[in-house]
There are 4 protein chains.
Amino acid sequence: MGGTMDGTKQRRRGNTRQRIQDVALELFAEQGYEKTSLREIAERLEVTKAALYYHFKTKEEIIVSLFEDLTKPIEELIDWGRQQPHTLETKQEIVRRYSEALAGASPLFRFMQENQATVRELSIGETFKDRMLGMRDIIIDPDADLVDQVRCISALFTMHAGMFVMKDLEGDPEEKRKAILEVATDLITQAHKGA
Amino acid sequence: MGGTMDGTKQRRRGNTRQRIQDVALELFAEQGYEKTSLREIAERLEVTKAALYYHFKTKEEIIVSLFEDLTKPIEELIDWGRQQPHTLETKQEIVRRYSEALAGASPLFRFMQENQATVRELSIGETFKDRMLGMRDIIIDPDADLVDQVRCISALFTMHAGMFVMKDLEGDPEEKRKAILEVATDLITQAHKGA
Amino acid sequence: MGGTMDGTKQRRRGNTRQRIQDVALELFAEQGYEKTSLREIAERLEVTKAALYYHFKTKEEIIVSLFEDLTKPIEELIDWGRQQPHTLETKQEIVRRYSEALAGASPLFRFMQENQATVRELSIGETFKDRMLGMRDIIIDPDADLVDQVRCISALFTMHAGMFVMKDLEGDPEEKRKAILEVATDLITQAHKGA
Amino acid sequence: MGGTMDGTKQRRRGNTRQRIQDVALELFAEQGYEKTSLREIAERLEVTKAALYYHFKTKEEIIVSLFEDLTKPIEELIDWGRQQPHTLETKQEIVRRYSEALAGASPLFRFMQENQATVRELSIGETFKDRMLGMRDIIIDPDADLVDQVRCISALFTMHAGMFVMKDLEGDPEEKRKAILEVATDLITQAHKGA
DNA sequence: AATGAATGAGAATTCATTCAT
DNA sequence: AATGAATGAATTCTCATTCAT
């Protein structure tokens with residue numbers, strides 16, 4: 001009592017929810033959603049499984065909360081993008097910002113990328129799909145020819161997957177991101193000109 | 001066909017192994033590996049779970065067998081590619097053939113794409129990764145600058161993901177494949193010239 | 001009503017215990033004792049589970065308290081009955097009063113009636129049984145023949161169950177009660193004459 | 001090995017399903033449905049919980065199967081009753097047969113009687129209620145006055161509850177049943193004359 | 001070539017209860 | 001008078017796997 005009171009146990013107060021999210025995301029990204037059990041999450045946090053249920057009604061709610069919390073910048077980006085004229089500059093700006101947004105929530109996106117089959121069955125599945133289609137509609141000109149449409153999709157995909165695939169390539173992460181962004185921007189630009 | 005009984009059941013004789021693979025791949029691709037239970041597979045085939053174990057020692061062996069059976073053309077392609085000179089023409093040829101090979105086993109690749117987290121933990125994980133690296137080494141010039149390396153990776157990824165992502169886009173599948181191939185070839189070509 | 005705040009919440013002050021009993025009885029009668037969780041009761045009252053524990057030491061104590069509060073008239077009736085001579089008039093009087101007492105605590109008796117298996121394991125089980133036997137001993141003449149004993153038991157049971165079974169029969173509740181009472185009185189009377 | 005092979009374990013073959021039903025009914029009747037866990041049933045049978053699931057898809061299916069198996073005679077009785085003219089003789093005959101049918105499945109009916117709240121929520125709830133209403137419609141004349149309708153309901157209820165309530169009364173069970181039947185028949189007869 | 005019966009391990013979830021504040 | 005956070009024990013149910021026949 002009194003004194004420094006840094007006690008591990010005391011510290012925990014009030015941030016358990018956050019800690020659950022952190023550990024869960026780490027494990028989900030590492031092993032996948034189904035292979036990660038609530039027992040595992042609880043053990044790592046040194047709480048009981050029931051404690052998880054105090055903070056989240058179901059296992060799914062954990063991933064949903066992560067998705068909602070970490071995905072907000074992208075949602076806003078899409079909303080913003082929709083209201084802009086579909087000029088080349090806008091598209092480039094969107095791609096640039098998207099790249100940044102992805103980098104800011106990269107474990108979540110790694111998870112989404114690597115557990116698509118699972119995500120599809122979850123309630124976030126629809127939301128995620130809608131968002132992807134939202135991006136697509138901003139960037140793709142529906143009258144463009146098929147090849148240019150593919151270029152745009154390829155640009156998006158390059159950004160999604162790039163980071164994880166290149167994990168084993170040597171080099172500074174930020175530099176890699178820039179390189180990925182450059183390729184994506186290139187693709188978008190080519191597609192725009194083609195139209 | 002003549003005779004008293006064309007019996008669906010009689011017909012099945014001897015090809016159960018194949019039928020298990022077909023159904024399993026279908027379900028794995030649709031719902032994911034972990035969400036697909038052997039009970040489900042067995043029920044769809046109207047056999048017992050134990051019957052599956054006559055043909056495959058474990059659940060994992062089913063997916064491994066699919067991987068091995070359907071992936072042979074790609075293995076051969078890589079082996080062939082390794083022995084060729086790394087000219088632009090070779091690279092383009094490889095990309096062309098790779099696109100075809102993927103199309104020939106598209107449910108499997110959809111599965112691999114959408115269940116990466118799972119696949120990584122499976123014994124095929126390593127093999128798959130090796131193969132991807134094999135492709136990369138044939139196509140990427142290690143002295144090329146980062147952006148060109150990304151182009152190559154992007155080309156591969158575009159082929160992997162393109163088909164599934166474009167499922168909801170209108171248009172003939174073969175035409176789409178051609179468009180995807182064109183974008184991939186473009187990327188490879190640009191990367192080659194850059195070096 | 002007048003003033004700035006008639007506040008539902010303010011009103012509640014001091015009668016939480018009562019409110020818990022009300023809601024609990026409602027839910028116990030509706031869904032049964034085990035199927036009703038404290039969470040459910042708490043949610044309906046818009047308090048926390050812990051609040052319930054301020055007023056009752058255990059879940060069982062809630063049902064015990066209901067039993068004790070609502071069952072007092074019957075206890076008194078039995079005590080009174082024991083001291084009367086076992087004449088037909090007394091018996092009829094008891095049956096009449098019993099019918100009234102039951103009507104006054106009908107949700108509790110519905111609960112007791114529909115959750116006998118549960119009640120038996122609870123601490124009220126014995127008390128309840130004792131009380132039933134008390135009623136029986138006042139009404140049944142131990143020397144009467146078996147058929148007349150059954151008549152008496154039937155009379156009691158008719159009153160217990162009648163109300164709930166007849167819920168879906170058309171007609172005014174008070175009239176139904178009167179009809180039930182008449183049948184019960186008849187049975188008692190027949191049994192008395194038989195002896 | 002070889003020899004008489006009466007081995008407890010060998011015996012079990014092929015009748016596990018039946019044994020599960022037996023033990024389950026015993027425990028359900030004794031402690032109630034919710035208080036009886038599958039663990040308990042499994043332990044008493046010296047099998048694992050999973051074995052229960054081989055034979056029954058859910059806990060509910062166990063009680064449903066018991067209900068369906070043991071309740072058939074009553075179903076047939078009702079069907080027969082519906083086709084008869086509603087004479088006094090028929091009604092008496094039905095009551096007589098009903099009493100026998102109940103005696104033949106008395107643990108199940110004890111369970112139904114003592115776990116009504118639970119049964120109501122189960123899928124058998126509706127079926128059970130329908131059956132009760134079926135009996136009522138055969139026996140009750142809808143034009144009879146309320147008191148006579150109560151007499152009929154009382155007759156049915158006397159038979160349902162009688163056995164269990166009288167468990168602690170001295171006397172031969174078969175004699176008790178006869179006494180109960182006599183009271184029930186009396187009630188029906190009075191009701192019929194009243195109309 | 002396949003089945004019927006079973007197991008052991010583990011999953012998600014729920015519950016009554018506790019306690020410091 | 002009541003809350004927020006947590007626990008421990010239990011529950012139903014599912015799964016991959018085994019094995020004698």
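What's counted below: heavy atoms across the whole structure, side chains too, no hydrogens, waters or symmetry copies. Residue numbers start from 1 in every chain, and the chains themselves are labelled A, B, ... in the order their sequence lines are given, proteins ahead of strands.
- Rounded to a whole Å, the CD atom of A:Glu46 is 13 Å from the P atom of F:dG8.
- Taking only side-chain atoms of D:Arg39, from C-beta outward, the nucleotide of F:dA10, E:dT7, F:dG4 with the closest atom is F:dA10.
- For the pair A:Gln21 and A:Leu25, the minimum side-chain heavy-atom distance is 4.5 Å or more.
- In this structure the side chain of C:Glu114 reaches within 4.5 angstrom of the side chain of D:Arg120, judged on heavy atoms.
- A close approach under 4.0 Å does not occur between any side-chain nitrogen or oxygen of B:Tyr54 and OP1 or OP2 of E:dA2.
- Classification of B:Lys72 and B:Glu68 as a salt-bridged pair fails, no side-chain N sitting under 4.0 Å from a carboxylate O.
- Atoms NZ (C:Lys35) and P (F:dT11) sit 16 Å apart, rounded to a whole Å.
- Residue A:Thr36 is the one, among C:Thr36 and A:Thr36, whose nearest nucleotide of DNA chain E lies closer to the 5' end (criterion: closest heavy atom).
- Here the C1' atom of nucleotide F:dT14 and the CD atom of B:Glu43 are 13 Å apart, to the nearest Å.
- Ring orientation note: the planes of D:Phe128 and D:Phe67 are nearly perpendicular, at an angle over 60° on the 30°/60° scale.
- Residue A:Tyr53 contributes atom OH, which lies 18 Å from atom P of F:dA9 at whole-angstrom precision.
- For A:Thr48, counting side-chain heavy atoms from C-beta on, the closest listed nucleotide (E:dT14, F:dT17, F:dG8) is F:dG8.
- We find that CD of B:Glu60 is positioned 9 Å from P of F:dT17, with the value rounded to whole Å.
- Per the geometry, CD1 belonging to C:Ile62 stands 14 Å off P belonging to E:dC15, to the nearest Å.
- Nucleotide F:dA20: paired with E:dT3 (Watson-Crick or G-U wobble, both distances less than 3.5 Å).
- Put simply, the side chain of D:Tyr33 reaches to within 4.5 Å of the side chain of D:Lys59, judged on heavy atoms.
- The phosphate of F:dT14 has neither OP1 nor OP2 within less than 4.0 Å of any side-chain N or O from B:Ser37.
- Under 4.0 Å is where a charged nitrogen must lie from a carboxylate oxygen, and between B:Glu26 and B:Arg44 at least one such pair does.
- Nearest-nucleotide positions on DNA chain F for B:Ala50 and D:Glu34 put D:Glu34 closer to the 5' end.
- Closest-nucleotide positions on DNA chain F for C:Leu52 and B:Thr58 were compared, and the one nearer the 5' end corresponds to C:Leu52.
- Atoms CG (A:Leu45) and P (F:dA6) sit 10 Å apart, rounded to a whole Å.
- Nearest to the side-chain atoms of A:His55 among the listed nucleotides F:dG8, E:dA6, F:dA5 stands F:dA5.
- Side-chain atoms of D:Lys49 stay outside donor-acceptor range of the base of E:dT7, with no qualifying N/O pair under 3.5 Å.
- Between C:Lys59 and B:Val47, it is B:Val47 whose nearest contact on DNA chain E lies nearer the 5' terminus.
- Remark: P of F:dT14 and CD1 of B:Ile41 are 17 Å apart, rounded to the nearest angstrom.
- Nearest to the side-chain atoms of B:Leu38 among the listed nucleotides F:dA16, E:dT17, E:dT7 stands F:dA16.
- The side chain of C:Thr16 contributes an N or O atom lying less than 4.0 Å from OP1 or OP2 of F:dA2.
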